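All residue numbers in this chain count up from 1 along the given sequence. Below, each value reflects all heavy atoms present in this structure, side chains not excepted, and no hydrogens, waters or symmetry copies. As the structure is a prediction and not an experimental result, all values here were calculated from the model.
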Amino acid sequence: MANLYKRIRTLRKEKKMKQGEAAEILGLSISSYCRYERGEREPDAAVLWRMADLYEVSVDYLIGRSEER
């Protein structure tokens, strides 16, 4: 999951969302979401599933196990 934070940031920008918007949709505080995007913290499984759903990718793509979205 080394590049998870890069993928999260890239996917959010592709959706033209601000960090606050993504955090609100995911039910997270802005500070928690920002920690995920900076790579300071890894999301738990439930948050990973919500992120994958929001960004319309597989969890495997999000965590770097697959290059297929």
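With contacts defined as side-chain heavy-atom distances shorter than 4.5 Å, the pair R38/Y5 does not qualify. At a threshold of 4.5 Å between non-hydrogen side-chain atoms, the residues L48 and L4 count as touching. Side-chain contact between M17 and I25: present, with at least one pair of heavy atoms (C-beta onward) separated by less than 4.5 Å. By the 4.5 Å heavy-atom criterion applied to side chains, Y61 and L11 are counted as neighbours.
A23 approaches S29 most closely through the heavy-atom pair CB-O, 3.9 Å. Residue K18 comes nearest to E21 through the heavy atom pair N-OE1, 2.6 Å, listed as atom of the first residue, atom of the second, then distance.
Although no hydrogens or angles enter the test, the distance criterion places no donor-acceptor pair under 3.5 Å between the side chain of N3 and the main chain of K6. At distances below 3.5 Å, not a single donor-acceptor pair connects side-chain atoms of R7 with backbone N or O atoms of I63. Under the 3.5 Å distance criterion, the side-chain polar atoms of R41 are left unmatched by any main-chain donor or acceptor of Y36. Put simply, the side chain of S32 never gets that close to the backbone of L28: no donor and acceptor are under 3.5 Å apart.
In the displayed structure, E24 atom CD is contacted under 6.0 Å by at most 12 heavy atoms of other residues, nucleotides or ligands. For CZ of R65, the number of neighbouring non-hydrogen atoms (other residues, nucleotides, ligands) closer than 6.0 Å is 12 at most.
Test I8, V57, V59 against M51 for side-chain contact (heavy atoms from CB on, under 4.5 Å) and you get one pass: I8.
With sequence neighbours excluded, the residues that form a side-chain hydrogen bond (donor to acceptor under 3.5 Å, both in side chains) with E37 are R12, Q19, Y33.
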